[in-house]
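Reading through the structure tokens given below for one structure.
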Amino acid sequence: MFIISEISTGEISTKSLFFGFIFGIGFNVHFSFKTVQDYLEQLNDAQRAPVLQKDGAMIVIAGAGSGKTRVLTYRIAYLMDQGVDAFNILALTFTNKAAREMKKRIAQIVGNSEAKNLWMGTFHSVFAKILRFEADKLGYPNNFTIYDTQDSQSVIRAVIKEMNLDKDVYKYKQVYSRISSYKNSLITVKAYFGNPELQEADAMAKMPRLGDIYKSYCDKCFKAGAMDFDDLLLKTNELLTRFPEVLAKYQNRFRYILVDEYQDTNHSQYLIVRALSDRFQNICVVGDDAQSIYAFRGANINNILNFQKDYDNVNVYRLEQNYRSTKNIVSAANSIIEKNKTRLEKVVWTANDEGAKIKVNRTMTDGDEGRFVASNIFETAMNNQSGYGDFAVLYRTNAQSRAIEDALRKKDIPYRIYGGLSFYQRKEIKDVIAYLRLILNPKDEEALKRVINYPARGIGQTTMERLTVAANHYGRSMFEVIKALDKIGGNLKINSGTKNKLQNFTTMIESFQVLNQTYNAFEIAEHVTKKTGLVTELKKDGTPEGIARIENIEELLNGMRDFVEEQKELADTSGSLAEFLEDVALATDLDNDKGDEDRVALMTVHLAKGLEFPYVYIVGMEEELFPSGMSMNTRAELEEERRLFYVALTRAEKQAYLTYTQSRYRWGKLIDAEPSRFIEEIDESFLEYLTPVTEQRYKPLIDADIFEDVDRSKLRLRKPTSGTPPKGPTEEQLRKLRRLKPVTSSTNKNFNAKDANLSEGTWVEHVRFGKGKIMKIEGVGADTKAEINFENGGLKKLLLRFAKLNVLE
DNA sequence: TGTGTTATCAACCCT
DNA sequence: TGATAACACA
């Protein structure tokens, strides 16, 4: 027992010896070997306290960068050290990636073989697993398909069409999001029809048939043996409420529950946690109300705000020391979040260096903005000898990535875009996946519709419609109808040629099913891509796009091979197709990240939650964009945008940049923009303006960049269509540009109302509000405000140095 | 039935 | 602008 002799710490439980033993053998025989106690010493007092409270309910309010992941990992390790069986611990995280990383870290402390037994993952993946096990109780097959958003929306579109409803009134995306929010609030179809208020609300929104759509949608999913994302939570709730013995089983199993990012849980998730923790009440939730950014998809910030009321004797812990960022960044972020009214008391501070001020930069166009970011990254990387992996560009919407990408590419700076159209959403990938889905669940109508005639097999629209009718009539899936064509074919008007084609298809799928019993995911997929003719089809195509698609399929296959290899190392899994598909269905964009590339990261602020980078560029700091124009109607919405900005800013370790432009292409049009109010909200002492607000850089009315951008957009056209003459700015754009030459400088600090020819009684025109008369001017310099009565917008008070006004003669 | 072109429509954040 | 549905045509 040479290992034990190395241990110098006084009190060690046998368990930690045991874990240490495994750890020592498994990882490093020469080791500097550590015990759980050693790790505890790495925590500060505030972090250690929640780790050491073994039982009971507790909430850890963790400021940005305060080491909450450490607390969670060490708490789990400590529980195991105290004799809690890994099988009895459930840890729910926000992303799969977070779960994987945490598991890895725990394995380093307690040993791989024990960590493996932890239940750790996102709500969706953990309960998908449980549902697979218990599906029959709810009438679902245990090989149920998980529909993604596209699948769900496609079903809804079909329902709307079937019911002969006006698709302009019943917009499928809107319908989907309404249904989704019902599900997240646990309003089932039955509950919906039992609640006149809801029906009335939908009627008011001109969608009186919403309930019927909802019902039909659920029926279709059920028949297809499919659950959508929201079902994974809704059905779990159903399972736990309807079957007390099942509830008891999982309560007994998950004696210790930990929930990360608790501020972003929705009602459905909240109830699951409540139910599971009800018996033992060993519940630890971690979160930061200041970082709650998912209200738009049903997250309820009240879950964290009210946690103390939900359990007896809740201990509240606060992590307030930030280890990530400079004093400047922390203080700036604090000055922002203070503006929010609904929040828990907490003071984030740091012992780190003062650091550089946050740099604010203004440009003329979004193209300029991209070029600024690119050259700044280039210079900073050179000057500080940093790798490109130290940089992140964060934006509010995916559409903004384009200008940044263009600029980075021109400078040959390597980058990686996260999110957007993810790998698994590409057509060719979805096609392969659809075949694989059909193998496991032939009732999966969305998958069937997708591939039954791709590659072309001569099965057309008419045939499909006839099959749909028959499927509805017999209450069977299309696959089953095809199988039974010989018996019912007569009434279907499907000729024998078509019948043959259909049956060839089902026979092919069935042959795959047979193979699936002996081969792993990778082998099946390779066989499928060959046998179905998918690759042959793409090879025929021959275009660069077609070749890229083949490469993507190859990448998918490589990914599957890796997956199978990885699963082999874990004893309890086999790398089966079923396991792979579940992974894919619930994968997020971050999950594909290997993290080993030295590239600039481009992503939305939402995606950046939980990450950190030395240098962060927050671009598009403009009104209507950040804060988003769609989220400025209520105080709650605006506060969420502010929290989002808080999240963005607190990603930065050393240096943050805020950039905005004066005009930007949006929706294909050049529109003008004003700087975001969030820049103003930061205490000025933390900011440094790179484009001094006093300096008036002369810009010609028609900026060269504008032409450049217009020209580039033309170059992007794949096929230069014949004869269309090159277009400069349209007459309308020119008119707008002329009109918009601001009378009041957009950033002039020494603004003087007289110089701008503004006085009480002057008639002016505003870009958005139109014509109006100045009623009153108040304040001096940068703070000069005017009260203007707009003909269409009513009385508004505008800060003149930002308002773009035109004097009307 | 398949293909190429035109018209229309939507446009954030995401498991 | 770009994605996709609808449409015209071979």
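Each chain gets a letter, A, B and so on, in the order its sequence line appears, and its residues count up from 1.
The CZ atom of R426(A) sits 16 Å away from the C1' atom of dA3(C) (whole-angstrom rounding). K97(A) has its NZ atom 12 Å from the P atom of dT15(B), to the nearest Å. Atom pair D148(A):CG and dT15(B):P shows a separation of 12 Å (rounding to whole Å applied). Atom-to-atom, CZ of F229(A) to C1' of dT15(B) comes out at 5 Å; the value is rounded to the nearest Å.
Nucleotides dA5(C) and dC12(B) have their C1' atoms positioned 23 Å apart, rounded to a whole Å.
Residue N453(A) is in sugar-phosphate contact alone, with no base atom involved, counting any heavy-atom pair closer than 4.0 Å across all strands shown. At a threshold of 4.0 angstrom between heavy atoms, the contacts of G629(A) with the nucleic acid are absent.
Between F645(A) and F678(A), the ring planes lie parallel to each other; the angle is under 30°, not in the 30° to 60° tilted range.
A donor-acceptor contact under 3.5 Å is not formed by the side chain of T95(A) with the base of dT15(B).
Cation-pi geometry between R426(A) and Y424(A) is not satisfied (NZ or CZ under 6.0 Å from the ring centre, within 45° of the ring normal).
When only modelled atom types and interatomic distance are considered, R274(A) and Y270(A) share a side-chain donor-acceptor pair under 3.5 Å. In the model, S154(A) has a side-chain atom that pairs as donor or acceptor with a side-chain atom of E446(A) under 3.5 Å.
The backbone N or O of A290(A) sits nowhere less than 3.5 Å from a side-chain atom of N340(A) that would complete a donor-acceptor pair. Not a single donor-acceptor pair under 3.5 Å links the side chain of R297(A) to the backbone N or O of S181(A). Between the side chain of S180(A) and the backbone N or O of Y176(A) there is no donor-acceptor pair closer than 3.5 Å.
With ring centers used as reference points, F296(A) lies under 6.0 Å from Y294(A).
For the segment residues 261-271 of chain A, no residue has any heavy atom less than 4.0 angstrom from an atom of DNA chain B. DNA chain B lies under 4.0 Å from no heavy atom of any residue of residues 125-133 of chain A.
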**Fill in**
Per-nucleotide protein contact along nucleotides 7-13 of chain B, 5' to 3', at a 4.0 Å heavy-atom cut-off (B base, S sugar-phosphate only, - neither), is ---SBBB

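No more than 12 heavy atoms of other residues, nucleotides or ligands sit less than 6.0 Å from atom NZ of K161(A).
Between dT1(B) and R457(A), no contact under 4.0 Å exists linking OP1 or OP2 to a side-chain N or O.
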